[in-house]
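Some notes on the structure that comes next.
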There are 2 protein chains.
Amino acid sequence: MEHQRPKIIDVARLAGVSTATVSRVLSNPQIVTAETRELVEDAIRQTGYRLNHAARNLRHRRTGGVVALVPNLSNPFFSHILAGMAAVLAPAGYNLLVADTRTAGGDTVLGYAEPSRTDGLIVLDGALPADVLGRRPVVLACEWIPGLAAPRVKIDNRAAATMAVNHLADLGHRRIGHVAGPPGNVLTQARLAGAEEALKARGLPPPLVLQGDFSLESGRRAGAEWLALPAGERPDAMFLASDAMACGFIGEVQHRGLSVPRDVSVMGFDDIELVAHMTPALSTIRQPREAIGRRAAQCLLAMIGGDPLAEDIVLPVELVLRGSTAPPRRQ
Amino acid sequence: MEHQRPKIIDVARLAGVSTATVSRVLSNPQIVTAETRELVEDAIRQTGYRLNHAARNLRHRRTGGVVALVPNLSNPFFSHILAGMAAVLAPAGYNLLVADTRTAGGDTVLGYAEPSRTDGLIVLDGALPADVLGRRPVVLACEWIPGLAAPRVKIDNRAAATMAVNHLADLGHRRIGHVAGPPGNVLTQARLAGAEEALKARGLPPPLVLQGDFSLESGRRAGAEWLALPAGERPDAMFLASDAMACGFIGEVQHRGLSVPRDVSVMGFDDIELVAHMTPALSTIRQPREAIGRRAAQCLLAMIGGDPLAEDIVLPVELVLRGSTAPPRRQ
DNA sequence: ACCCCTCTTGAAATCGATTACATAACTCCG
DNA sequence: CGGAGTTATGTAATCGATTTCAAGAGGGGT
């Protein structure tokens, strides 16, 4: 016996049938007689035959791969989304490739978008140029690319931001600030708009807006900026557009000896796992991350399958109240 | 003109050469005359030809994919490692597939190990049964699988734990505890051994050992256990086998009104990005995560290329001192 | 002028599966 | 018992590139 991997023809010979029959047993068992089928299945077991996917994919003119373009893999926000996608894709016979659009160069991203490498894309980064993606199945999740006509799976960011700000206002805060995401980002804009809207609707002054970029470090900088304000001008509640920034913000404020929520209430956005364990635990907006991943994957599979259901999906968020928000201190 | 993707034969016809020549221009340009080469390159540009990877891979009997098996994608510890791997693999023409061994079922993992899906594996989970992986290029990173003969890329966990404990002892702590990882895990064992060794070498009592599993939540539980001890028996310094656990531990201790490092000094392990921003900032052992990923990928590529350099690589760690460790309180 | 060698190029086989089409066998019914 | 219809299987083309082998072109030495 050679130590080569057995091919379909080896199975066919052993079972005394043609390769066509073996192939049918593999992909469409019910159209083969039970008798023949068992013959073939025995042969498969005996030879230890395993299908060669490259060959099947070549014939099917597909790749069996789906790529997720993530802006920053180190952000734990994305990991559950990926898990949700994998949970849908694996049973459907698709591999999930993950690419970090920040660390990977533009060429690499372009390489992934290559139709002969993947059957479709799930884009979680709104900052990619639309033309990079080519004309093929794409689903946008969380963020989206303004010019691009593709189904989106997202939350209502504006309404979520409104919820967050309303909570702070309900506690009695009147000077509410916002740390936004990177300029130009669609989430930044929607969350800022929601925050402004909520304040306006209650007759409160517009928010002090500090710029961030969703990262921990930018949250820390925002904390430093907040501290640098004259005490009388500091907002007494801050709504930050990501949990990572909220962590950085709180860290900086605490390092300088102030206390959350005594000196400032803080709301985050995302509900990453960690923030429930901080001191104080972070009040935040929970995004259904796993569901986002699953729905995005389902949507993409449908598109690959030819369904033109280009409908956006909006998933519900949840307001999670913990220790980082409290009524303002009596002056 | 049809809107089909152009194939190599379309390019060949336009250039007036054979497909063999086009293929040579694509993969071995220098063996073709400059003249012909330009002809072909023009034709490629004109047709907008793009190589079909499934076909090439079929012929080459390779898949162009490498899979990383990660125990828990949500742990940010892994993301930089993955980035490091991708940085090496992409230029070499390999796709990186990422699979979470916890969320993916055993079947899925087995599917990835399938030779016709990927050319090699990088395993970051020591809990996989060795026989799942089959007989093919494998590199173990961080964790390893005792029975399996494969090159490892790792740090010296025992020495790193010794460093951590020595730091606590240098500060003057005498009752030092340890929160270990999941039982049976190789990292758990090495780190525990290093901690015990360091204490013994200094004539200090063996550590109180609490069991964890590297997760945030298990760190929180350890914090609760620590709090439940009679105050006189509590170790006044704790070394935890992961940063995630250290976060959970500190969170729990602080929630109950005690202070770090006043009431207990805490050392973590990994140096994930976030812990520099907590209050107090966490003292920890920094693993060179990106380098681990890069070296593992390089090693795997070498193995795929046929090099049998089955050498283990041990990378250096760094002791990072921040605010969570301090001399014990005077009693 | 002839032979040998090197360098380019093309024709055809190949990678390993899938599937359109053909064929054989069998059922059913008039 | 013959012909139509159904079902199970085999033959061979096909997916799109790579590569072996052979042939032709040109160069150099004698």
Side-chain angles (χ1 to χ4, degrees), chain A residues 2-44 47-65 93 111 114-119, chain B residues 2-44 47-65 93 111 114-119:
Chain A
E2 295 311 312
H3 282 300
Q4 301 304 315
R5 274 179 73 101
K7 318 191 297 182
I8 203 171
I9 194 168
D10 301 316
V11 176
R13 272 202 267 267
L14 182 61
V17 300
S18 76
T19 62
T21 301
V22 177
S23 175
R24 286 191 267 258
V25 170
L26 255 29
S27 43
N28 216 352
Q30 69 277 16
I31 70 167
V32 174
T33 345
E35 210 177 357
T36 325
R37 196 190 316 150
E38 279 185 26
L39 228 54
V40 172
E41 278 163 354
D42 277 349
I44 289 177
T47 52
Y49 168 77
R50 316 259 31 208
L51 174 59
N52 180 318
H53 288 89
R56 166 180 281 187
N57 288 341
L58 174 57
R59 185 68 233 246
H60 280 164
R61 300 148 142 279
R62 62 161 228 169
T63 69
E114 184 59 36
S116 86
R117 292 184 96 83
T118 46
D119 296 322
Chain B
E2 297 310 311
H3 283 300
Q4 301 303 313
R5 290 190 78 177
K7 320 191 297 181
I8 202 170
I9 193 167
D10 301 316
V11 176
R13 273 202 266 267
L14 183 60
V17 300
S18 74
T19 61
T21 302
V22 177
S23 174
R24 286 190 267 257
V25 170
L26 255 29
S27 43
N28 217 353
Q30 69 277 15
I31 69 166
V32 174
T33 16
E35 211 178 356
T36 325
R37 197 190 315 149
E38 278 185 28
L39 228 54
V40 171
E41 278 164 355
D42 277 350
I44 290 177
T47 51
Y49 169 76
R50 315 258 35 206
L51 174 58
N52 179 318
H53 290 87
R56 165 180 281 187
N57 288 340
L58 174 58
R59 185 68 231 245
H60 280 167
R61 300 147 142 281
R62 64 161 228 169
T63 68
E114 184 59 36
S116 87
R117 293 185 94 82
T118 47
D119 297 322

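Below, chains carry the letters A, B, ... as their sequence lines are ordered, and counting in each starts from 1.
Between A:T19 atom OG1 and A:K7 atom NZ the span is 10.5 Å, to the nearest 0.5 Å.
Listed by first and then second residue, the salt bridge (Lys or Arg N to Asp or Glu O under 4.0 Å) pairs that reach into residues 48-57 of chain B are A:E114-B:R50, sequence neighbours excluded. Listed by first and then second residue, the salt bridge (Lys or Arg N to Asp or Glu O under 4.0 Å) pairs involving residues 24-40 of chain A amount to none (not counting sequence neighbours).
Residues forming a salt bridge (Lys or Arg N to Asp or Glu O under 4.0 Å) with A:R13 (at least two apart in sequence, or on another chain): none. Under the rule for a side chain to side chain donor-acceptor pair (under 3.5 Å), B:R59 has no partner lying at least two apart in sequence or in another chain. When the side chain to side chain donor-acceptor pair (under 3.5 Å) test is applied to A:S27, no partner is found at least two apart in sequence or on another chain. Residues forming a side chain to side chain donor-acceptor pair (under 3.5 Å) with A:D119 (at least two apart in sequence, or on another chain): A:T63. B:I44 is linked by a side chain to side chain contact (heavy atoms under 4.5 Å, CB included) to B:V11, B:L26, B:V40, B:Y49, counting only residues two or more places apart in sequence or in another chain. With sequence neighbours excluded, no residue forms a side chain to side chain donor-acceptor pair (under 3.5 Å) with B:S23.
Taking 4.0 angstrom as the limit, B:T33 places none of its side-chain polar atoms (N or O) nearer than this to OP1 or OP2 of C:dC7.
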Atom pairs, protein N/O to nucleotides 18-24 of chain C N/O, distance under 3.5 Å:
| residue | atom | partner | partner atom | Å |
| --- | --- | --- | --- | --- |
| C:dT18 | OP1 | A:R56 | NE | 2.7 |
| C:dT18 | OP1 | A:R56 | NH2 | 2.8 |
| C:dT18 | OP2 | A:S23 | OG | 2.5 |
| C:dT18 | O5' | A:S23 | OG | 3.4 |
| C:dT18 | O3' | A:H60 | NE2 | 3.3 |
| C:dT18 | O2 | A:R59 | NH1 | 2.2 |
| C:dT19 | OP1 | A:H60 | NE2 | 3.3 |

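For the helix from C:dA1-D:dT30 to C:dG30-D:dC1, the end axes, each set by the C1' atoms of five terminal pairs, are bent relative to each other by 50° (nearest 10°).
Each of A:K7 and B:T36 lies near DNA chain C, and the nucleotide nearest B:T36 is the one positioned closer to the 5' end.
The shortest side-chain heavy-atom distance between A:T33 and A:T36 falls under the 4.5 Å cut-off.
Counting non-hydrogen atoms under 4.0 angstrom, A:R50 reaches the backbone sugars and phosphates but no base. Within 4.0 Å (heavy atoms only), B:S116 reaches no atom of the nucleic acid at all.
Atom pair B:E35:CD and C:dC7:C1' shows a separation of 14 Å (rounding to whole Å applied). In this structure, CG of B:L39 is placed 10 Å from P of C:dG10, rounded to the nearest angstrom.
Remark: A:I31 CD1 is packed, more than 12 non-hydrogen atoms of other residues, nucleotides or ligands lying under 6.0 Å away.
Taking every nucleotide of DNA chain D with any atom under 4.0 Å from a non-hydrogen atom of chain A, the first and last of them, 5' to 3', are D:dA8 to D:dG16.
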